[in-house]
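Take a look at the structure below.
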Protein chains: 4
Amino acid sequence: MNKRSGTESKKKIINAALKVFTEHGYKGASMRMIAGAADISVGGLYLYFDNKEDLYLTLMKETFSDFTQKVSSALKDTRTSSEAFNLFITLYLNNAKEHRGLILIQGREHKFTFGMDIKRRFFIHQRGAIEEIIQRGIKSGEFRKCNVKEASKIIFCVLRGFILSLIVEPAALFSPEECSNLILKGLLKNNSETALGETNGS
Amino acid sequence: MNKRSGTESKKKIINAALKVFTEHGYKGASMRMIAGAADISVGGLYLYFDNKEDLYLTLMKETFSDFTQKVSSALKDTRTSSEAFNLFITLYLNNAKEHRGLILIQGREHKFTFGMDIKRRFFIHQRGAIEEIIQRGIKSGEFRKCNVKEASKIIFCVLRGFILSLIVEPAALFSPEECSNLILKGLLKNNSETALGETNGS
Amino acid sequence: MNKRSGTESKKKIINAALKVFTEHGYKGASMRMIAGAADISVGGLYLYFDNKEDLYLTLMKETFSDFTQKVSSALKDTRTSSEAFNLFITLYLNNAKEHRGLILIQGREHKFTFGMDIKRRFFIHQRGAIEEIIQRGIKSGEFRKCNVKEASKIIFCVLRGFILSLIVEPAALFSPEECSNLILKGLLKNNSETALGETNGS
Amino acid sequence: MNKRSGTESKKKIINAALKVFTEHGYKGASMRMIAGAADISVGGLYLYFDNKEDLYLTLMKETFSDFTQKVSSALKDTRTSSEAFNLFITLYLNNAKEHRGLILIQGREHKFTFGMDIKRRFFIHQRGAIEEIIQRGIKSGEFRKCNVKEASKIIFCVLRGFILSLIVEPAALFSPEECSNLILKGLLKNNSETALGETNGS
DNA sequence: GATGAATGAGTCTTCATTCAT
DNA sequence: GATGAATGAAGACTCATTCAT
C-alpha cells in the first residue's frame with residue numbers, strides 16, 4: 001500500500017526493468033523479477049504498462065531518448081570537433097557498457113524483429129549526430145575531407161564491434177580510449193598513420 | 001513413422017535447431033519448434049540429445065568445428081597473404097551471415113554465461129588464425145610491420161561490428177568487400193592512405 | 001477466480017493432496033489430480049508449495065503433528081493405563097484407516113527413502129508414547145513387569161500388521177477392538193491366557 | 001540379435017522385472033529399465049507381454065506360484081507341526097525380505113486395486129496352508145485347541161507387521177526367530193507364558 | 001492506486017507403446 | 001524372434017496476465 005505518484009512508480013519500474021532485461025534478456029526476464037526489483041506488486045506493473053512487450057518497448061524509447069538528450073546537451077559545451085567526437089564516443093561506449101549492449105543485441109527473440117523499428121530510428125539518429133560532427137569538423141578545417149556518410153557508417157561499425165567485444169570476450173580488448181583514438185586518427189588532418197599501422201609509417 | 005538412420009536424424013535435428021535457435025534465441029526457441037523444423041516428434045529430440053542445453057551446446061561445437069575445418073582447408077590453396085586474408089574475412093562474414101550471428105550474440109540468457117567457454121575457445125582459435133596470416137604476411141614482406149596481437153584484436157572488433165550491423169540494420173552497411181579492403185589497407189605495405197581517408201589525403 | 005485467504009487455500013490443498021496421495025501413491029498422484037481435488041488451478045499449487053516433493057513432505061509433517069497433538073490431548077483425560085492404552089490403539093488405528101496407511105507404506109519410490117526421516121521420527125515418537133503408557137501401567141501395578149522396549153516394538157509390529165491387513169484384505173480381519181484386547185491381554189496382570197489361546201487354558 | 005528360446009527370454013524378463021519393480025515400485029519402474037536389466041530390447045518386452053500391467057500381473061502370478069510350490073514341497077519333509085510351522089514362517093519372511101514386500105505393499109497406484117485379486121488369492125491360499133498346519137498340530141496334540149481361523153488371521157497380521165517393520169524401520173526390530181517363537185508360544189501346549197510376558201509369569 | 005492470489009496455456013522432459021527393418 | 005528409432009500423450013513446473021479486494 002505504498003503511496004507514490006503515478007509517474008514516480010512508472011520511473012521506478014522502468015529503471016528496474018532496464019536492469020532486469022539487461023541482465024537476463026527479454027525472455028529470461030520475468031514480470032515477477034521486474035516487479036520485485038521495482039518494489040511493486042506484480043499487478044502494479046499492469047497499471048502502467050499493457051504487457052511485457054509494451055514495457056520493453058517503452059523502456060527502450062525512454063532509454064534512447066534519455067541518451068539522445070544527454071548527448072545533445074553534452075555536445076553543446078564542446079569547442080573543437082575532436083572534443084565533440086571524443087565525447088560522443090565516450091558517452092556511447094559508456095552507455096553501452098552500462099546496459100551491456102541491451103540496445104544492440106536484445107530483441108532477436110519474439111518474431112525476430114522485436115522492437116527493431118525503435119532501434120533503427122535510434123541508430124539513424126545517432127549516426128546523424130556523428131555525421132554532423134564530422135561535417136562540422138571538415139568545415140572548420142579540423143578534419144580532412146571524406147565521404148561523410150561512409151565514414152560514419154564505418155565508425156558505427158567499429159563502435160558496435162567494440163561494444164560486442166566488451167560483452168563477448170572482455171579479456172581480449174584494447175581500451176575505449178584506444179578505440180576512440182583509432183578512429184580519430186583516420187579523421188584528423190595532420191596524421192599520416194594508418195589505423196593498423198604501429199608508428200613507423202610508410 | 002519415418003525410419004531414418006540415427007546419424008541422419010541427428011544431422012536433421014542439428015540443422016533445424018541451428019535455424020530455430022538462430023531465429024528465436026535460446027530461450028525463444030522451444031523444443032516443439034525444433035522438432036517441427038526437424039520433422040521429428042518432440043520425444044525424438046531426446047533420443048539424440050539429453051536436453052535443450054545439450055542440444056544447443058552440441059550445435060555450437062559442431063558449427064564451430066565445421067567452420068574451423070572449412071577455413072583451414074580453404075587457406076591451404078592460397079598463395080599470397082592478401083589472398084589468405086581476404087578469404088578468411090569472406091568465409092567468416094558469410095558464415096556469420098548464414099547463422100545471423102548465432103555465434104556472436106546468443107547466450108546472454110541462462111545465467112549469463114551459457115556456452116561462453118565454447119565461444120571463447122572459438123574466438124581465440126580464429127584470432128590465432130588471423131595472427132598467423134598477418135605474421136606470415138610480415139615475414140614475406142607483403143604486410144608492413146605491426147603489433148600482430150593488437151592488430152588482430154582490432155580486426156576482430158571490426159568484423160564483429162560488421163556482422164552485428166548486418167543483423168541490426170542491414171540497410172546501413174557498406175559491402176563485405178569494402179570491409180575487407182578497409183582492413184587490408186591498414187596492413188599492406190605500400191599504402192599511405194588511412195582507413196577513413198577518402199583518397200586525396202593530406 | 002475464486003478468492004480465498006492464503007491459509008484457507010493451503011489447507012484445501014493439503015486435504016486434497018492427502019486424499020490423492022493416499023489413493024494413488026506418490027508417483028501415481030499427479031499435480032493436476034491434486035489441483036482438481038483441491039478445486040484450484042495447477043499453478044495455484046505452486047503458490048503454496050515449491051514442488052511435488054515439498055507438498056508431500058509438508059503434508060506428512062502436518063498429518064503427523066496433527067495426530068500427535070490429538071493423541072496427547074486425548075490421553076490427558078484418561079484414568080487407568082488400560083484406558084490410555086485402548087485409546088491410543090483406537091486413535092492410531094482409526095487414523096491409519098482414514099489415510100489408508102499413507103504413513104506406513106508410501107515412499108518406496110523415488111530413490112527408495114523418500115520422506116523416510118519424517119516417518120522414522122514419527123514412529124519413534126509414537127513408540128515413545130506407548131512405552132510411557134506401559135511404564136506407567138507397570139508402576140501403578142496395573143500391568144505386569146516386562147521389557148518395555150521389546151513390548152512396545154512387538155505392539156507396533158502387530159499394529160502395523162493390522163493396518164496393512166486393513167488395506168490389503170479388509171475382509172479377512174478381526175475387529176480393532178479384538179486387536180486392542182489381544183495386545184492388552186499380554187500386558188494385564190491378572191490374566192493367564194495367552195494371545196492365541198482360546199479360553200480353556202492349558 | 002541374441003538367439004534364445006521364447007521361454008528363456010520370458011523368464012529372463014520376469015526375473016529382471018521382479019528386481020526392478022521391487023526396487024522402484026510399479027510407477028517408478030520403466031519398461032526401458034526392465035529391458036535393460038533383462039538384456040533385451042524395449043520392443044522385445046512386447047513380444048512376451050501385452051503391456052506393463054500384463055507384465056506386472058504375470059510377474060506376481062509367477063512369483064506367487066513359485067513360492068507356493070516351494071512351500072508345499074518343503075513342508076513335505078517336516079515331521080512335527082512345530083517344525084512345519086517354523087519352516088513356513090521362515091520361508092515367508094525370507095521371501096518377503098528378498099522382494100522387499102513387493103507382495104504386500106505394491107499396487108496401490110493405478111486405480112487403487114491393481115493386481116489386488118491375485119494378491120487376495122495368494123493370501124487366502126497361504127492362510128489356508130497355515131490353518132492346515134495348525135489343524136494338524138491340534139489333532140496330533142502338539143498344539144492346544146483354539147479357533148483355527150482366528151488364530152491364522154492373527155498370525156498373518158503379525159507376519160505382515162513384521163515384514164512392514166522390516167521395510168519401514170529395520171533398526172527397530174526384533175529378530176525373525178523371535179517373531180516365530182513369539183507366535184509359536186501362543187500355540188504350543190505346554191507353555192503358560194503370554195506373548196508379551198517376560199518370564200516370571202503371573 | 002495497489003495488491004497478490006488465481007489462472008491456464010505453454011515449457012521441458014519422460015515413457016509406454018508401435019512398427020519398419 | 002528381435003531391434004531400437006519414433007511417437008505423442010502426459011507429467012512437473014513456469015509465467016504473463018487478470019481481478020476481487
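Model, not experiment: these values are computed from the prediction. Sequence lines set the chain letters: A, B, ... in the order given, protein chains first and strands last, and positions in each chain run from 1.
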*Let me know the distance between CD1 of B/Ile34 and P of E/dC12, rounded to the nearest Å.*
8 Å
*5'-most contact on DNA chain E: B/Ser30 or A/Leu45, nearest heavy atom basis?*
A/Leu45
*Round to the nearest Å and state the distance from B/Glu8 atom CD to F/dA6 atom C1'.*
13 Å
*Quick one: C/Met33 CE to F/dG11 P, roughly how many Å, whole number?*
7 Å
*Do D/Lys12 and D/Ile40 come within less than 4.5 Å of each other through their side chains, counting heavy atoms only?*
no
*Across the strands shown, which category fits C/Ala29 at heavy-atom distances under 4.0 angstrom: base, sugar-phosphate, nothing?*
sugar-phosphate
*How many Å lie between CG on D/Asp39 and C1' on F/dT3, as a whole number?*
13 Å
_Rounded interatomic separation in angstrom, taking NZ from B/Lys12 and P from F/dA5_ = 16 Å
*Phosphate OP1/OP2 of E/dA6 contacted by C/Ser9 side-chain N/O (<4.0 Å)*: yes
_Nearest-nucleotide 5' precedence on DNA chain E, B/Met31 against C/Gly43_ = C/Gly43
*Specify the separation, in whole Å, of atom CG of D/Asn51 and atom C1' of E/dC15.*
14 Å
*Is any side-chain heavy atom of D/Glu53 less than 4.5 Å from a side-chain heavy atom of D/Tyr26?*
yes
*Between E/dT3, F/dA6, E/dG4, which nucleotide gets closest to the side-chain atoms of A/Val42?*
E/dG4
_Looking at every heavy atom in both D/Val20 and D/Ala37, which two are closest together, and how far apart are they?_
CG2-CB, 3.9 Å
*Parallel, tilted or perpendicular for A/Phe21 and A/Tyr56, by the 30°/60° rule?*
perpendicular
*Indicate the atoms forming the closest heavy-atom contact of C/Ile118 with C/Met60, along with that distance.*
CG2-CB, 4.4 Å
_Value in whole Å for how far the P atom of E/dT14 lies from NZ of B/Lys52_ = 15 Å
*Any strand is fair game: report the nucleotide pairing with E/dA20 by Watson-Crick or G-U wobble, both distances under 3.5 Å, or none.*
F/dT3
*Using the closest heavy atom to pick a nucleotide of DNA chain F for each, name whichever of B/Ser41 or C/Leu47 lands nearer the 5' end.*
B/Ser41
_Integer-rounded Å distance: E/dG10 P and C/Tyr46 OH_ = 18 Å
*asked:* Please pick, from F/dA5, E/dA2, F/dT17, the nucleotide with the shortest atom-to-atom distance to any side-chain atom of A/Tyr48.
replied: E/dA2
*With a 3.5 angstrom cut-off on both distances, give the Watson-Crick or G-U wobble partner of F/dG11, or none if there isn't one.*
E/dC12
